[in-house]
Amino acid sequence: MISEKAEISPKAQIGQNVTIYPFAYIEDDVVIGDNCVIYPYVSVMNGTRMGRNNRVYQNTVLGAEPQDFNYSGEKTQLIIGDDNIIRENVVINRATHADGQTVIGNKNFLMEGVHISHDAKIGVANVLGYGTKIAGDCEVGDRVIFSSGVIANPGARVGDAAMIQSGTRFSKDIPPFIVATDNPVRYGGVNSTILRNYNVDEKIIAHIANAYRLIFHGQTSVFDAVNQVVSQVPDGEQIRNIVEFIRASKLGIISKN
């Protein structure tokens, strides 16, 4: 299952039933879990820790050195979970400093040409469309959809089940369960289609819509609008998610315009 034409360090830890095609390149300090498939011309660099059942396609580079002037050659890590599909020409940088990590969770689909920079945190079951670029220190929740050509600038956060439409660039946080669209980026409504796909009850979707009416269309500050959400919208998991996300924001959230 491992080609003799692949260049694999004898120090690398390769799991059971791993397939490695010709011309793959795997460095010393690498762990690849069971049942992974590494296609030709993939480079897996030092510091990469990969779980089970991942498929990594041609010309991808995992664990590339961070493109960060603060990087001084420390031993840093890229952590990849299980069941990810990483398509052609993807680049994922490891962390800048030894006490940090770039993290890719489980069941993500990274389409061709995606770049995930140092210290980014990507959750579970996300889709990153063609040519999407995630800058350093960004955080992406779970079940997020990035259409093609999206650019997330450094430190921006994206909440669960949000959708970012094609070509959108953003430098502020995108809260959970919404659609972000256009340039400059703006609030494009509740991501109701995806919520229904995940069997979220219609009453809860209505509560989410009400919360965002207060946040994006109210006549108060975001801080006061969040307090109104707490006092006026029926409590629930999704509402708490919205409130906690916005209260934790350091960059502020995108606007309605």
Side-chain angles (χ1 to χ4, degrees), residues 6-15 18 20 23-34 36 38-39 41-108 110 113-124 126 128 131-142 144 146 150-158 170-171 173 248-251:
E7 185 170 344
I8 304 170
S9 169
K11 297 180 181 179
Q13 300 179 41
I14 310 297
V18 172
I20 302 177
F23 312 117
Y25 173 75
I26 299 172
E27 292 192 324
D28 297 347
D29 184 22
V30 168
V31 177
I32 297 176
D34 298 344
C36 289
I38 310 296
Y39 284 97
Y41 303 105
V42 169
S43 296
V44 187
M45 315 303 285
N46 285 325
T48 302
R49 307 285 183 267
M50 190 186 308
R52 298 165 53 90
N53 304 314
N54 296 290
R55 301 179 70 87
V56 185
Y57 285 75
Q58 287 89 334
N59 299 313
T60 285
V61 182
L62 301 180
E65 288 190 357
Q67 298 180 42
D68 184 347
F69 291 122
N70 294 312
Y71 178 63
S72 60
E74 298 177 61
K75 290 185 177 181
T76 63
Q77 289 190 334
L78 162 64
I79 308 298
I80 299 174
D82 303 331
D83 302 300
N84 295 287
I85 298 175
I86 303 175
R87 292 304 303 254
E88 296 83 357
N89 304 306
V90 169
V91 177
I92 308 178
N93 297 105
R94 62 183 184 264
T96 296
H97 300 296
D99 59 352
Q101 294 177 334
T102 303
V103 178
I104 312 296
N106 302 328
K107 298 182 179 179
N108 295 290
L110 279 56
V114 167
H115 186 178
I116 299 175
S117 295
H118 65 89
D119 299 284
K121 306 291 189 292
I122 310 296
V124 173
N126 299 294
L128 277 63
T132 288
K133 310 299 180 185
I134 308 294
D137 299 299
C138 287
E139 296 182 14
V140 177
D142 300 334
V144 176
F146 290 79
V150 173
I151 298 175
N153 287 318
R157 300 159 61 234
V158 182
F170 60 98
S171 299
D173 294 347
S249 178
K250 297 178 180 178
L251 300 177

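- If you check the side chains of Thr102 and Arg94, you find no donor sitting under 3.5 Å from an acceptor.
- Between Asn54 and Cys36 there is a side-chain heavy-atom pair separated by less than 4.5 Å.
- The shortest heavy-atom contact between Gly33 and Val18 is O-CG2, 3.2 Å.
- Pairing each heavy atom of Val61 with each of Met45, the nearest pair is CG1-CG, 4.1 Å.
- With a 6.0 Å radius and a threshold of 12 heavy atoms from other residues, nucleotides or ligands, Tyr71 has its OH atom above the threshold.
- Checking Glu88 against Asn59 by side-chain atom types alone, no donor-acceptor pair falls below 3.5 Å.
- Between the side chains of Asn84 and Asn108, at least one donor-acceptor pair of N or O atoms lies under 3.5 Å.
- Among residues two or more places apart in sequence or in another chain, the side chain to side chain contact (heavy atoms under 4.5 Å, CB included) test is passed with Ala6 by Ile8, Ile20, Ala24.
- Ionic pairing of Asp83 and Lys107 is not present here: no N-O contact between side-chain nitrogen and carboxylate oxygen is shorter than 4.0 angstrom.
- When each of Asp29, Asn46, Asp28 is tested with Ser9 by the rule side chain to side chain donor-acceptor pair (under 3.5 Å), just one qualifies, namely Asp28.
- Remark: the backbone N or O of Val124 is paired with a side-chain donor or acceptor of Asp142 at under 3.5 angstrom.
- Rounding to the nearest 0.5 Å places NZ of Lys133 at 13.5 Å from SG of Cys138.
- Considering CG of Leu62 and CZ of Arg49, their distance stands at 13.0 Å, rounded to 0.5 Å.
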Using distance only, find each side-chain donor-acceptor pair of residues 113-123 under 3.5 Å and give its atom names and separation, not counting sequence neighbours.
| from | atom 1 | to | atom 2 | distance (Å) |
| --- | --- | --- | --- | --- |
| His115 | NE2 | Asn93 | OD1 | 2.6 |
| Ser117 | OG | Ile134 | O | 3.2 |
| His118 | ND1 | Thr96 | OG1 | 3.1 |
| His118 | NE2 | Asp68 | OD2 | 3.4 |
| Asp119 | OD2 | Thr96 | N | 3.1 |
| Asp119 | OD2 | Thr96 | OG1 | 3.4 |
| Lys121 | NZ | Gln101 | O | 2.6 |
| Lys121 | NZ | Asp119 | O | 3.1 |

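- Under the 3.5 Å distance criterion, with hydrogens and angles disregarded, no donor-acceptor pair is assigned to the side chains of Arg87 and Tyr39.
- Two residues are said to be in side-chain contact when any heavy atoms from C-beta on lie closer than 4.5 Å; Tyr57 and Val90 fail this criterion.
- For the atom pair Asn106 CG and Asn53 CG, the distance stands at 10.0 Å (nearest 0.5 Å).
- When all heavy atoms of Ala95 and Pro66 are compared, the closest pair comes out as O-CG, 3.5 Å.
- The shortest side-chain heavy-atom distance between Phe170 and Val158 falls under the 4.5 Å cut-off.
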